[in-house]
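Note sheet for the following structure.
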Protein chains: 2
Amino acid sequence: MNTVEIIKKKRDGHTLTSEEIEFIVSNYTEKKIPDYQLSALLMAIYLNGMNGRETTSLTKSMLYSGKVIDLNRIPGLKVDKHSTGGVGDKTSLIIAPIAAAAGVNVPMISGRGLGHSGGTLDKLESIPGFRINLSLIDYKNVLKKCGAVLIGQTKEITPADKLFYALRDVTATVESIPLITASIMSKKLAEGIDGLVLDVKTGSGAFMKKQKDAELLSHSLMKTARMFDKKVITFITDMNQPLGHYIGNWLEVYESIKILQGEKIEDLLTVSLNLAGAMIYLGNKASDITEGIEIAHSLIENGKAFDKFLQIVAAQGGKTTLIKNPDKYTKPKIVERIQSDATGYLTNINTYNIGMAAVELGAGRKTKEDKIDPLAGIIFKPKLGDKIKRGDVIAELHTSNELNIQPAKELILASLKISKHNLHKHKLIKKVIQ
Amino acid sequence: MNTVEIIKKKRDGHTLTSEEIEFIVSNYTEKKIPDYQLSALLMAIYLNGMNGRETTSLTKSMLYSGKVIDLNRIPGLKVDKHSTGGVGDKTSLIIAPIAAAAGVNVPMISGRGLGHSGGTLDKLESIPGFRINLSLIDYKNVLKKCGAVLIGQTKEITPADKLFYALRDVTATVESIPLITASIMSKKLAEGIDGLVLDVKTGSGAFMKKQKDAELLSHSLMKTARMFDKKVITFITDMNQPLGHYIGNWLEVYESIKILQGEKIEDLLTVSLNLAGAMIYLGNKASDITEGIEIAHSLIENGKAFDKFLQIVAAQGGKTTLIKNPDKYTKPKIVERIQSDATGYLTNINTYNIGMAAVELGAGRKTKEDKIDPLAGIIFKPKLGDKIKRGDVIAELHTSNELNIQPAKELILASLKISKHNLHKHKLIKKVIQ
């Protein structure tokens with residue numbers, strides 16, 4: 001087999017065989033194919049696409065570029081959730097303990113923040129002592145003991161995906177459905193799961209701005225999951241405004257604690273209950289999603305979900321005193337309130353820019369080398385459709401560096417559209433695909 | 001400016017500005033943009049194309065990546081020819097002396113063989129002593145003295161093109177009309193020409209198999225040439241069979257000598273007279289192409305074209321005794337005749353494979369490191385439409401290595417279609433575009 005001939009084939013719109021895809025993935029991972037050939041092929045895939053069979057082959061080759069974790073010795077079904085990412089999207093922290101409290105095993109391998117979107121690992125690291133780099137043995141032990149474990153991608157898992165992703169990021173080949181599918185599914189399949197709940201976000205703060213694209217990605221992900229005989233349920237959910245009110249690493253842990261302690265933050269609670277409900281159903285602990293949601297709800301009400309969260313944090317080395325009393329956490333050096341300069345209804349939010357404002361404040365990275373400020377972020381008050389008066393506090397900015405305030409403030413104010421007349425709200429859960 | 005944003009723009013089908021193209025070309029030439037980013041952009045250009053303005057900008061940026069030769073001190077117009085390449089295509093060796101004998105300056109910078117297709121430089125180097133690596137001063141001196149000079153691309157000329165070409169070759173991005181256009185035109189414009197005759201080949205032995213593609217390329221080349229205020233005439237000519245009968249380096253010099261000495265090898269003579277006629281016209285030495293062809297014809301008849309060839313060879317250090325008596329050239333170690341195994345009409349030739357058979361015999365390179373055997377090649381006897389009897393000699397193979405014979409023989413026999421009924425012949429000169 002010959003790399004140039006394989007590039008030509010995809011360039012000319014033909015279908016690659018499993019052998020050709022395996023040749024590319026394994027040789028690139030072993031550094032026998034140079035970056036410049038893979039990037040030409042990635043652009044050809046971006047522009048000419050891949051069919052379901054090719055996407056499955058690519059997923060398989062990426063999956064077997066590394067170790068596939070075997071969780072068969074742990075009794076019960078293993079179910080995870082994956083979100084395509086958004087602003088204020090902290091549901092992983094909430095639903096992992098809920099599902100585990102319901103008796104479902106949740107072996108969760110998460111990522112870091114990317115661009116405007118936060119990452120579960122960065123959030124967990126804001127809990128003093130919390131270890132996200134467990135060995136595979138510790139990973140299994142925590143899962144066995146607690147029913148849930150939250151770690152980062154290890155070196156052994158899908159090394160091809162790491163290499164592909166780094167190249168895609170610098171060659172404008174990120175937003176390709178087959179490439180996204182193979183990247184997500186290979187990582188999730190490597191965890192050793194039986195079922196997967198997908199939260200595909202759409203709207204101004206999502207990677208897929210249009211619902212049509214979110215649906216295409218959902219179908220590709222589900223088709224691939226089923227080729228590997230995994231049960232899968234997809235929620236297409238709204239990302240036209242931040243989820244909940246808190247954006248930033250510790251701020252999102254804080255809001256998750258509040259939800260687990262029974263606070264009713266409407267949109268965040270609704271999405272969390274739905275996702276957790278679906279996980280409980282896929283884990284065979286409920287007869288349908290509705291029953292799963294009821295169970296999830298009662299596990300919050302009776303305190304068992306919060307207890308489970310404390311148990312997981314403790315098992316991974318985190319300080320539970322701060323989880324029990326989150327208001328005792330270190331305070332941010334600078335807190336600045338932004339007031340509205342107009343009166344009317346909030347009809348539109350450029351949620352991407354709200355995420356970027358949080359990055360400006362120190363909650364995310366602009367370059368790979370940037371260090372994250374766990375305290376930095378935004379408490380974003382209003383929701384779409386709310387009536388706002390001139391002078392109302394819209395957001396509270398937290399940061400350690402005064403210089404970050406002005407650019408973040410400008411970004412946020414420019415992101416809001418305040419109109420005379422109210423518009424219908426976006427539907428929160430747009431679609432459930434089983 | 002940002003490389004990823006430029007790749008995205010072309011990926012999404014938008015038009016690049018001159019500044020963006022210049023940013024890419026100059027930074028890549030200075031090794032500030034890595035190969036993997038350029039190859040992603042090249043694939044996006046391959047698949048989404050470039051308009052005329054972008055192609056002109058790319059040509060300009062490549063042209064000014066190096067030195068543009070100034071020939072203003074040499075009186076008279078400077079005209080060159082470029083062929084897109086084929087099998088047995090030796091017209092450069094014939095028309096450069098004809099046009100020079102007519103008083104046109106021919107500053108010809110040529111290339112090496114590529115794949116199945118021969119290169120003027122490799123042919124010239126089969127003449128003992130002939131120097132193709134002249135300094136720019138010697139280049140100008142030979143041109144001034146002889147009216148023609150034939151050299152290879154120097155380091156100073158279009159370095160960006162060399163780097164781009166090397167990357168395109170290994171990333172399946174060669175056959176792109178805007179990229180081919182910029183590559184050809186930047187090199188030709190760097191020579192300091194006033195006019196250019198293009199020989200765009202089409203057929204089984206050409207890079208453009210279909211006439212439609214050859215015409216698209218012709219229009220792109222001509223449009224770009226005119227943006228630089230150069231006069232240009234294009235011939236679209238047939239490459240469904242070798243041009244003339246001789247394929248290989250010294251073999252093609254030999255056949256060129258025969259043409260210059262007045263031998264009537266029909267197709268080769270016709271194409272050569274047309275190209276030379278157009279050069280003479282563009283050089284203001286004839287009032288139209290027809291008159292140019294008449295002048296070219298008479299310069300062969302009166303021996304002046306051959307004398308001019310001798311003068312050029314001598315000026316560039318070549319041994320003229322062998323040009324005067326080409327039959328005194330070293331003989332090939334092995335000569336093998338192939339006979340037809342069928343009776344009928346020759347209705348089809350896979351000319352690409354005939355070229356590859358010559359490469360097998362040692363006339364071309366399979367890897368960059370291969371050394372060329374100047375004696376190797378094929379004397380290919382029949383023309384399309386000829387009646388062939390079983391046992392007739394079809395070809396004579398020349399080589400220094402006996403092991404080359406069998407693969408070459410098999411390639412040639414498999415390339416011929418001999419049928420009961422004759423088919424109409426291909427038109428030799430398919431189109432003249434002025």
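Lettering follows sequence order; numbering is per chain, from 1.
For the options A:V4, A:D169, A:T3, A:D12, heavy-atom pairs under 4.5 Å to chain B are most numerous at A:V4. Residue with the most contacts toward chain B among A:M43, A:E175, A:K8, A:Q37: A:M43 (heavy-atom pairs, distance under 4.5 Å). In terms of heavy-atom pairs under 4.5 angstrom with chain A, the leader among B:G13, B:P34, B:A44 is B:A44.
Under the side chain to side chain contact (heavy atoms under 4.5 Å, CB included) rule, A:S18 has a single partner from A:K60, A:R53, A:E54, which is A:R53.
Looking at B:I6, there are no atoms closer than 4.5 Å to chain A (heavy atoms on both sides), in backbone or side chain. There is no contact between A:L38 and chain B, counting heavy-atom distances below 4.5 Å. Looking at A:L47, only its side chain comes within 4.5 Å of chain B, counting heavy atoms on both sides.
By the 30° and 60° cut-offs, the orientation of the rings of A:Y352 relative to A:H116 is tilted.
Minimum interatomic distance between A:S183 and A:R168 (heavy atoms only, all atoms of both residues): CB-NH1, 3.9 Å.
Using a distance-only test at 3.5 Å, with no hydrogens or angles considered, a donor-acceptor pair links the side chain of B:T202 to the main chain of B:M208.
For residues 407-417 of chain B, the pairs satisfying side chain to side chain donor-acceptor pair (under 3.5 Å) are B:Q406-B:E410, with sequence neighbours left out.
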